[in-house]
Amino acid sequence: MPGLGLAAPGPKPVPAVSHVVLDSLRHLLQLPQTDYDRVLLLCQVSDQLWTQRTDSAAVYAQQALALARRVHYRHGEGEALNRLGAALRESNLARSLELFQQSLHIARATRDRALTAQNLRSIGIIYVYLRDRRQALSYYFQALKIGEQLHDERRVVIELSNIGLAYDVFGQLDSARLYQERALVLARRLRTPTNYILYGLGNEARRRGEVALARSYYYQSIAESKKVGHLRSLNFAYVGLAELYQQMGRPDSSIYYARLGCQVGRTNGFLRGVLNASTLLTQDFKRRGAADSALKYQSLMLVMKDTLFGQEKVMRLQNLNYREQQRAQQATAAQAALRARYRTFALVGVLLGLLVLAAILARHASQQRRAREALEQSLAELKTAQEQLVQREKMAFLGELTAGIAHELQNPLNFVKNFAEVSTGLVDEITGEQHDPTGQGPARNAMLEAEILSGLKQNLQQISQHGQRATSIIKGMLEHSRTGTGPRETVNLNTLVHDSLRLAQQGLRTQDKGCEVQLTTTLASGLPPVSVVPLDMGRVLINLFTNAFYALQQCQYQQPAGTAYRPELTVTTQAVPGEVEVRIRDNGTGMPADVQARVFQPFFTTKPVGEGTGLGLSLSYDIVTTGHGGTLRVESREGEGTEFILTLPV
């Protein structure tokens, strides 16, 4: 994800970073200081370290935060929260967003416009990470407006460059160049660092195919980043140059600069920089056929992805989303209380005269408007976070696919292993008979040798056959692991239903071997083909089958001892006028009416904590209705079972 490091966390651009500056700040910390000055000094040290080692920056930010809270220094607390959020942004996005929001609330409460602009920029960076163009640019332009109102030209340079980098990420090259060139002109007049601006201009030139210009900008950015000791921007410039050489078909140069980018990213603790560099290295080494090196960097890439986008962090974002919902509800209650209080004031105002009443009503209207604007902003932020969580649910489907495929993969591999061992024994028999060291052994038995060779040939054929089977399974697993929406294909729905049911059943056997489900499938012959995205529709079917199996498991476990209960799942397909229909019915626990009404809502789940996110059926409903123009509904009676009915147009 190039182009997202952006500006340093401090309220103003940091001058050339050097050990001299850092040592001077640390020396000041050793001298007698007021607690307020010490808080700000700790924040400045965190600023300097952010460009070199984010873990050290986090330590000083935490010290500043603890001291500010102990002495009740609100401004210092807001500054420290912002620094800590910047230091944690790469390793814990949910925590970082939470810290920035807390700092923004303090800045607005204390009317600190500079800190407000800084937090708006910081939150904008997170929305660029999440690829939310509208929210990201909204926060950036709010920060730019405040910088212009404060006549802070150094801050304006940073905001212009951030906006240019965001436009680059969203593919709007003309806007990206416009804002970066404005930032460059102003930065050179002020004699402030231009390392990020040069990197942004290099990116824009590379995407336009202006190779010589892009290379020049990248080299200038590298030189300036080294000069000021800014490892994060150095990572960006190295990775950008590696991408340029990869596009030019020069893998050696691409590998060289990608390795440099990976090294400085690790030193800085910049996980996204390491991810970008390791992704390039994996691609380059795969093209060169260097399997060991490709596997090494692919493993590093997967570790970075898991660290940045793991399930635990998704749950943290979900918890943050819940807290924001609670805050919105509290704001609504406060607004209602405010309205009640002002109604009382209005009655008193009638006694005092029309003039007083008019003043009170005007104040009430102003308060109501501000409260409504705050609520609308909070709801927009909640909606954005919710959309990101829905996308992450897609990753949960891959686990279900992998469980079934891995189970199937064991069979051909066991066959290969067994036939290989038998073949080894046959070869030993032949070599043992033909090479008797005494020279006095029995005469060669041509018929026995022919039988052994015939058996050996059959074993090799079996090994080849099962090896091909394993290859086809792995190929299918790789196809399922692709993310994103693929092209539509005309498929046989019966085949898709059968394959999805088989994968879901393998997953059930892997998780609970004691649950035996009686399957009844009635797949209509002559079913017209349908145009779908096979991967997405397969995810929907697997999710429906998995939910049905879960209901059957729960019903079986809840039965009293000695009860004759047999879990049953019935799958039916049929053609109806203009559509095809899939019905999935189980005789599990069933659902009451209130659960049926909410079953397709995001985040609603009846499973215990930790077993479900409440997004599976919501995502399935969205894929069927929005993505394919079909319908998905549920019919259920509590204690008798549940039936999902899926229809698709033909």
Side-chain angles (χ1 to χ4, degrees), residues 285-296 298-299 398-482 489 491-521 523 525 534-535 538 541-542 545 571:
F285 280 119
K286 281 185 177 179
R287 291 191 181 100
R288 296 183 62 178
D292 292 344
S293 297
L295 180 61
K296 170 187 173 182
Q298 185 178 36
S299 300
L398 296 180
E400 298 171 4
L401 290 174
T402 303
I405 293 172
H407 185 81
E408 283 206 356
L409 199 59
Q410 289 178 350
N411 292 330
L413 291 179
N414 285 336
F415 275 110
V416 170
K417 176 182 177 182
N418 293 336
F419 280 115
E421 292 176 352
V422 173
S423 299
T424 301
L426 293 176
V427 171
D428 289 341
E429 288 189 29
I430 293 178
T431 56
E433 180 180 335
Q434 293 181 357
H435 302 287
D436 186 356
T438 64
Q440 299 179 359
R444 293 176 56 179
N445 189 330
M447 183 175 299
L448 178 59
E449 289 183 4
E451 290 180 359
I452 293 174
L453 290 174
S454 176
L456 184 60
K457 179 179 180 181
Q458 293 177 2
N459 288 352
L460 292 175
Q461 290 174 345
Q462 290 292 327
I463 291 173
S464 175
Q465 177 182 351
H466 290 289
Q468 292 174 359
R469 170 60 177 159
T471 300
S472 67
I473 293 173
I474 293 172
K475 180 179 179 182
M477 182 168 60
L478 292 175
E479 291 176 352
H480 280 293
S481 70
R482 291 200 302 265
E489 297 178 17
V491 301
N492 184 314
L493 186 60
N494 285 340
T495 302
L496 188 61
V497 169
H498 180 270
D499 292 345
S500 301
L501 178 59
R502 177 170 52 83
L503 290 174
Q505 188 179 18
Q506 293 291 353
L508 173 66
R509 291 174 179 171
T510 302
Q511 297 174 1
D512 187 357
K513 297 182 179 180
C515 182
E516 291 293 333
V517 178
Q518 179 178 345
L519 295 178
T520 303
T521 56
L523 307 182
S525 60
L535 178 59
L541 292 169
I542 289 174
F545 291 138
V571 182

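Residue numbers count from 1 along this sequence. Since we're looking at a predicted model, the values are computed, not measured.
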So do the side chains of [X] and [Y] get within less than 4.5 Å of each other, counting heavy atoms only?
{"X": "Leu501", "Y": "Leu541", "result": "no"}
{"X": "Val497", "Y": "Val571", "result": "yes"}
{"X": "Leu519", "Y": "Gln505", "result": "yes"}

Atom pair [atom1] ([X]) and [atom2] ([Y]), whose distance is rounded to the nearest 0.5 Å:
{"X": "Phe285", "Y": "Asp292", "atom1": "CZ", "atom2": "CG", "value": "10.5 Å"}
{"X": "Gln458", "Y": "Ile463", "atom1": "CD", "atom2": "CD1", "value": "12.0 Å"}
{"X": "Ser464", "Y": "Asn459", "atom1": "OG", "atom2": "CG", "value": "12.5 Å"}
{"X": "Leu493", "Y": "His498", "atom1": "CG", "atom2": "NE2", "value": "13.0 Å"}
{"X": "Ile452", "Y": "Met447", "atom1": "CD1", "atom2": "CE", "value": "12.5 Å"}

I'd like to check the side-chain contact (heavy atoms from CB on, under 4.5 Å) partners of Thr495; sequence neighbours left out, ordered by chain and number.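 For Thr495, the residues satisfying side-chain contact (heavy atoms from CB on, under 4.5 Å) (neighbours in sequence not counted) are Asn492, Asp499.
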
For Lys286, what residues pass the side-chain contact (heavy atoms from CB on, under 4.5 Å) criterion, not counting sequence neighbours?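 Scan of Lys286 (side-chain contact (heavy atoms from CB on, under 4.5 Å), adjacent residues dropped) gives Thr282, Ala294, Gln298.
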
Thr424 side chain to Ala420 backbone, donor-acceptor under 3.5 Å: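 Yes, Thr424 side chain to Ala420 backbone: donor-acceptor pair under 3.5 Å.
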
Minimum heavy-atom distance between Leu496 and Pro534, given as atom pair plus value: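 Nearest heavy atoms, Leu496 then Pro534: CD1-O, 4.2 Å.
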
